[in-house]
Amino acid sequence: MSVIKAENVQKTYNETKVPVHALNGVNLTIEKGEFTAIVGPSGCGKTTLLNILGGLDHPTEGRVEVADTNITDMSDGNLIDFRLQNIGFVFQAYNLIPVLTNKENIEFIMLLQKQDKKTRDDRAMELLNQMGIADKADQRPSELSGGQQQRVAVARALASKPKVILADEPTANLDSKSTATLLDIMAKMNAEENATFVFSTHDQRVIDKAKRIITLEDGVVISDVTR
Amino acid sequence: MIIKIAWKNIWRSRARSFVVIGSIVLGVWALLVATGFMNGFMVSYMADIINHDISNAQVHNPEFKKDFDITFYISNGAKKAAELRNWPEVKATTTRTIINGMIASPKKATGVQIRGIDIENEVKVTQLDSLIKEGTYFTGIKRNPIIIGSKLVEELKVKVRSKVVVTFTNSDGMITSGAFRIVGIVKSSSIKINELYAFVRQEDLAKISGIGNQVHEIGILTKPQVDEATIITKYEGLHKEDKIETWKEIAPELAFMQSMYSQMLYVLMVIIMSALVFGIINTMLMAVLERFRELGMLMAVGMNRIKVYLMILIETVFLGAVAAPLGLLIGWLTISYYSNTGVDLTNYSEGLESFGYSSILYPYLDDNVYVIVTISVFVTAIIGALYPAWKAVRLNPVEALHKL
């Protein structure tokens with residue numbers, strides 16, 4: 001069962017005098033429960049592809065389907081609601097809400113989804129336990145290390161059980177130990193909750209852990225390997 | 001959660017929030033104090049004139065005020081005044097015989113309005129005795145006592161017990177005069193009382209005016225909270241031959257002044273709140289620009305534009321909610337303190353008195369001013385938040401997330 005389907009996705013930026021073709025006809029399908037890394041050199045279009053797959057940006061050409069919904073021409077307002085219900089994001093810079101506690105950060109998306117308090121509480125504590133930071137529930141993100149903050153970010157992305165979690169360079173700011181811990185946790189969540197993960201990365205440690213590796217170069221898929 | 005985040009957000013940059021809160025507090029305080037002081041000037045000025053001169057309403061012969069002809073008196077004036085005294089809306093009434101003429105001292109002569117008063121009822125209506133600054137209220141001098149204002153005293157270069165001569169045209173059209181001795185000197189915010197009026201006993205004036213006990217004016221003091229219009233309607237129904245007017249008709253400049261001062265509150269409010277709006281816009285814009293990436297993240301994960309907009313709006317309203325009560329409290333304390341002790345403006349008394357103002361100012365504010373100011377703070381906060389909030393919702397999440 002495919003979660004993401006991209007057909008001939010192209011993206012051209014016309015902000016400069018010379019148009020920049022970031023994606024030149026990407027075709028790919030991501031199945032439920034995959035643990036996929038999109039890799040390639042800087043500027044190959046990894047982040048652009050992830051933004052388009054996540055409904056944060058529109059393709060210039062082509063078609064994108066997420067959870068059987070065509071999001072290609074969806075309005076920005078509808079895309080926000082769609083992302084809320086279907087997609088989890090993990091960012092390179094964690095991007096947690098600094099004024100909320102770690103538990104509140106995890107609850108945040110469930111709250112936007114109007115889930116009841118008990119469900120939110122239970123799920124947030126369950127995830128905090130799985131991430132190994134239950135004792136940090138009432139602390140603020142600023143009181144955690146980078147690795148721990150990224151674990152909160154992963155928990156936030158997983159909280160509402162989205163169809164897919166898109167992680168843009170999730171380990172770029174982490175040391176080796178934190179990276180290993182985070183990857184173990186994500187692999188565990190992938191196995192236990194059948195959560196679908198798609199990373200954009202050039203971190204070899206992530207690539208080693210991925211079950212499928214899609215390599216981009218100059219905006220096109222040059223290899224797609226499943227292990 | 002949005003409310004919680006908004007509340008916590010305002011304390012992220014405490015210094016910046018305190019600057020905005022401080023400016024709102026200062027603005028609210030300044031607005032209340034300025035309005036209180038202006039009201040104080042107006043209320044004391046108007047109260048002086050209404051309580052000591054005009055009263056709430058006056059009755060005249062319809063022809064009298066055209067040229068103050070002595071023969072246009074109120075028929076059965078004393079009887080009508082007595083009848084009015086029994087009305088439940090009326091606190092007191094008095095009658096006056098009014099003749100324009102000249103007053104002369106050995107050194108100088110000037111125009112004057114000679115007011116023959118019922119000395120007992122006059123104090124009930126105008127508390128004329130309370131204005132005596134020198135001498136007495138018609139005691140100590142038996143024959144033809146006269147009370148004049150402090151400015152007239154200076155003009156005539158006279159003092160208590162000095163002799164003055166009043167001259168006027170009597171009911172027969174003949175020039176007549178009478179000698180009076182100054183028994184008291186009055187001082188008031190009313191320029192007329194200070195400079196123009198000369199008060200004599202009605203019976204003394206009757207002897208030389210030739211109109212006997214006839215009166216030209218009935219002054220009416222109503223009970224508190226009584227609408228003067230009810231007295232007017234009632235009196236007009238009973239005595240169509242007379243002209244009865246409220247203080248607003250007698251002194252339209254006072255009514256205009258009252259309305260002008262009320263408008264001043266709004267003028268001041270617009271000026272102060274406009275300045276505050278720019279301060280709020282600046283602060284909230286900084287807050288939005290600083291959190292560009294975070295706002296981008298919120299929109300990326302599914303927080304819709306309405307919620308983002310509301311969050312910025314609520315943050316600003318919270319700033320107002322913290323500042324407004326403080327400003328109101330400090331303003332209220334300031335007004336309360338000075339309304340008891342008064343503000344001594346003696347240094348400027350000469351200038352103030354020439355405009356009819358008292359040199360001790362008692363600031364005063366109606367309760368509704370506090371309500372109006374509170375509403376204006378929140379309206380200002382919302383107006384100040386509109387542009388920053390709009391800026392926040394216009395951001396592109398992709399660009400915002402990659403902003404350094």
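The sequence lines fix the lettering, A, B, ..., with proteins before strands; numbering per chain opens at 1. For clarity, every value in this text was computed on a predicted model and none was experimentally measured. Worth knowing before you read on, the calculation uses all heavy atoms, side chains too, and leaves out hydrogens, waters and symmetry mates.
- Shown here is B:Leu333, whose CG atom has more than 12 heavy atoms of other residues, nucleotides or ligands within 6.0 Å.
- The two residues A:Val99 and B:Ile5 come nearest to each other via the heavy atoms CG2-CG2, 4.1 Å.
- Among all heavy-atom pairs drawn from B:Ala300 and A:Phe91, the shortest one is CB-CZ, 4.0 Å.
- Scanning residues 103-123 of chain A against chain B with a 4.5 Å non-hydrogen threshold yields A:Glu104, A:Phe108, A:Ile109, A:Leu111, A:Leu112, A:Lys114, sorted by number.
- No more than 12 heavy atoms of other residues, nucleotides or ligands sit less than 6.0 Å from atom CG of B:Asp367.
- There is no contact between A:Pro162 and chain B, counting heavy-atom distances below 4.5 Å.
- Taking chain B as the reference chain and counting heavy-atom pairs below 4.5 Å, the highest number among A:Pro98, A:Gly55, A:Gly54 is found for A:Pro98.
- Heavy atoms closer than 4.5 Å to chain A are found in the side chain of B:Leu298, but not in its backbone.
- Residue-environment remark: CG (B:Asp366) exceeds the threshold of 12 foreign heavy atoms within 6.0 Å.
- More than 12 non-hydrogen atoms from other residues, nucleotides or ligands lie less than 6.0 angstrom from CZ of B:Phe378.
- With a 6.0 Å radius and a threshold of 12 heavy atoms from other residues, nucleotides or ligands, B:Lys248 has its NZ atom at or below the threshold.
- Within 6.0 Å of atom OH in B:Tyr337, 12 or fewer heavy atoms from other residues, nucleotides or ligands are found, so the atom counts as exposed in its surroundings.
- No other option in A:Leu96, A:Leu100, A:Asp168 has as many heavy-atom pairs under 4.5 Å with chain B as A:Leu100.
- Applying the 6.0 Å contact sphere to CH2 of B:Trp332 captures no more than 12 heavy atoms from other residues, nucleotides or ligands.
- No more than 12 heavy-atom neighbours from other residues, nucleotides or ligands sit within 6.0 angstrom of CD1 on B:Ile306.
- Using a 4.5 Å cut-off on side-chain heavy atoms (C-beta onward), B:Lys8 and A:Ile97 make no contact.
- Using a 4.5 Å cut-off between heavy atoms, A:Thr47 touches chain B through its side chain atoms alone.
- Heavy-atom distances place both the backbone and the side chain of A:Asn95 under 4.5 Å from chain B.
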